[in-house]
Amino acid sequence: MVGLETKTPSSNFIKNIVIEDLEAGKVQEIVTRFPPEPNGYLHIGHAKSIVLNFELADEFKGRTNLRFDDTNPVKEDVEYVESIKQDVAWLGYQWDGLFFASDYFEQMYDRAVLLIRKGLAYVDDQTPDQIRESRGTLTSPGQESPYRNRTVDENLDLFTRMRNGEFADGEKVLRAKIDMASPNVNLRDPIIYRVLHAHHHNTGDKWCIYPMYTFAHPLEDAIEGVTHSICTLEFEDQRPFYDWVIRECEMPATPHQYEFARLNLTNTVMSKRKLKLLVDEKVVDGWDDPRMPTISGLRRKGYTPEAIRAFCREIGVARSYGIVDERMLEHFIREDLKLKALRTMAVLQPLKVVITNYPEGQTEWLDIENNAENPEMGHRKIPFSREIYIESDDFMETPPPKYFRLFPGNEVRLKGAYFIKCEEVIKDADGKVAELRCTYDPETRSGSGFTGRKVKGTLHWVDANHAVPAKFRLYEPLIAEDDEDDSQSFLERINPNSLQVQEGFVEPGMKEAAGGDKFQLFRHGYFNVDPKDSTPDAPVFNRIVSLKSSFEV
Ligand code: ATP
Ligand code: MG
């Protein structure tokens with residue numbers, strides 16, 4: 001490991017609370033959970049929550065559950081369940097318990113019945129719209145429902161009949177009976193159960209009523225003995241209801257909710273709704289398209305779990321919103337790969353060069369370091385012969401001042417090989433540069449100690465007689481600036497250059513590369529062999545990140 005993860009995790013306000021709770025003997029063991037709704041793939045924002053929950057418990061020898069918050073059957077799917085498990089494991093975390101909120105439906109139902117018996121819940125016949133309209137505003141109290149004072153027996157009967165499927169979707173709901181005049185709108189008799197005749201990925205057709213998230217979540221935490229229930233700031237105003245549910249449902253365990261600011265990244269769409277739209281509208285090639293900020297997209301692009309974890313630790317946990325510069329994420333993958341990745345040569349936009357004084361049919365194998373910054377990575381041999389490719393923009397017929405690369409009459413160094421001099425430019429019928437004729441100086445072989453003269457430019461190249469044709473995918477943000485615009489205009493603002501494919505060549509040794517192998521390609525950046533589309537004869541490389549950034553943490 002190259003030092004990325006040696007830092008001790010920094011302090012944060014939630015950790016301080018945990019330390020106090022342990023010292024005061026309020027809890028014996030820290031239990032956290034990561035509770036995704038299986039309605040999409042995980043993204044980099046979820047990674048922040050995963051790192052926080054797993055590492056917090058781990059630091060104090062506690063436990064962390066992976067719990068699927070699957071209380072909304074309409075949007076949920078097993079495909080998402082499987083992808084989430086895969087992503088959490090890939091990030092490097094092993095959950096202690098694997099649970100589904102839907103496994104607790106029977107217990108939740110019983111707790112709702114308990115509320116009814118205590119006179120703390122009632123069946124309301126109003127439509128969802130009527131309920132919303134009678135809720136009042138921040139400055140005016142809500143209106144009590146005409147059904148609010150039904151007797152316990154009547155409520156028990158109606159709730160049973162809701163469960164038995166006697167009512168249509170939206171016909172009846174169960175509401176908590178709290179306070180329609182509460183200054184906290186969330187306490188104005190929130191809905192806790194609704195009728196929904198929908199097939200559930202886990203419970204099938206067993207249920208036609210489903211608990212609302214805000215009622216279900218505290219119960220799930222309590223059932224699992226979660227001690228510190230960490231969520232994002234939007235839920236702060238829900239905390240009084242969270243505590244109400246735990247108390248009035250007489251749960252034996254008392255979890256507490258703590259809120260932190262969600263991660264926002266520049267140049268990144270992070271709403272699951274929008275990400276799903278990109279997939280459904282086929283703007284991208286699935287949830288794992290390397291342009292997606294999903295864990296699976298970042299993985300396919302070439303991010304490592306080490307880099308993502310280090311990033312999540314660095315951004316820290318706070319209670320105030322901020323937008324993190326995406327270059328900070330890029331910084332961590334560069335740091336991680338700097339000393340690990342093999343440095344090889346690839347030409348993305350090839351221009352053929354014929355070395356006229358090099359013997360025809362000859363190939364020599366030149367020795368080159370695998371990573372100049374990490375001698376432990378050793379050396380390899382690369383072929384050199386009469387025909388090579390260079391990058392077409394490493395040549396200019398009429399160069400501007402201070403241009404040190406190739407132009408007619410100029411001499412440059414080929415990295416790891418010889419000096420070559422441009423003697424002649426061959427053009428095609430359209431007048432475009434088609435090929436260069438150069439000569440080489442056998443005295444100048446790299447490593448020979450030649451000191452006769454100096455050249456200012458060094459070019460990367462590949463041997464044309466051995467090179468492997470390859471595709472390179474270069475990325476730009478899907479959408480330069482995201483705002484809370486409606487979905488349609490969001491789709492219209494997609495960057496048409498978010499994916500550019502170039503066809504060039506790589507060193508022959510890279511034929512052996514397997515999906516997921518990572519390389520530094522000289523001057524072009526870090527690349528990942530695409531795990532889906534790459535084959536040994538037609539390798540495909542996804543650019544993870546370019547080489548330099550002005551941004552440092
Ligand atoms: P949605 O509400 O659109 O379904 P969500 O982001 O809330 O999306 P969940 O599956 O409910 O999705 O999230 C699981 C956990 O991840 C929650 O605890 C949530 O707080 C956390 N989380 C989600 N997005 C972020 C983010 N951007 N930064 C930090 N934590 C996040
Ligand atoms: Mg959510």
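Each residue takes its place number in the sequence, starting with 1. Indexing begins at 1, ligand by ligand and atom by atom, following the structure's order.
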With heavy-atom distances below 4.0 Å as the criterion, list the atoms of ligand 1 near Phe260.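 Checking each atom against Phe260, I get 29 (C), 30 (N).
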Short list, please: which atoms of ligand 1 are under 4.0 Å from a heavy atom of Ser49?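 Near Ser49, meaning under 4.0 Å from one of its heavy atoms, ligand 1 has 16 (O), 21 (C), 30 (N).
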Ignoring angles and geometry beyond distance, decide whether [X] reaches within less than 3.5 Å of ligand 1 through its nitrogen or oxygen atoms.
X      : value
Lys272 : yes
Leu263 : yes
Glu37  : yes

For [X], I'd like to know if atom [atom1] has over 12 heavy atoms of other residues, nucleotides or ligands within 6.0 Å.
X      : atom1 : result
Arg148 : CZ    : yes
Lys26  : NZ    : no
Gln143 : CD    : no

Is the contact between Asn39 and ligand 1 made by the side chain, the backbone, both, or neither, using heavy atoms and a 4.0 Å cut-off?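 Within the 4.0 Å criterion, Asn39 contacts ligand 1 through side-chain atoms alone.
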Please state which part of His43 comes within less than 4.0 Å of ligand 1, counting heavy atoms only: side chain, backbone, both or neither.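 Within the 4.0 Å criterion, His43 contacts ligand 1 through side-chain atoms alone.
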Pairing of Lys75 and Asp70 as salt bridge, 4.0 angstrom limit: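 Judged by the 4.0 Å cut-off on N to carboxylate O distance, Lys75 and Asp70 do not form a salt bridge.
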Output every pair passing salt bridge (Lys or Arg N to Asp or Glu O under 4.0 Å) with a member in residues 199-210, not counting sequence neighbours, ordered by first then second residue.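 Found Glu106-Lys206.
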Tell me, please: is Phe235 in heavy-atom contact with ligand 1, that is, under 4.0 Å?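 It does not; every heavy atom stays at 4.0 Å or beyond.
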Single hit among Arg33, His256, Gln257 for side chain to side chain donor-acceptor pair (under 3.5 Å) with Ser229: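 Output: one option passes, namely Arg33.
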Closest candidate by heavy atom, reference atom 30 (N) of ligand 1, pool Pro35, Ala47, Gly45: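 When every heavy atom of Pro35, Ala47, Gly45 is considered, Gly45 comes closest to atom 30 (N) of ligand 1.
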Would you tell me whether Asn39 and Asp77 have side-chain atoms, one donor and one acceptor, within less than 3.5 Å of each other?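 The answer is no; no qualifying pair exists.
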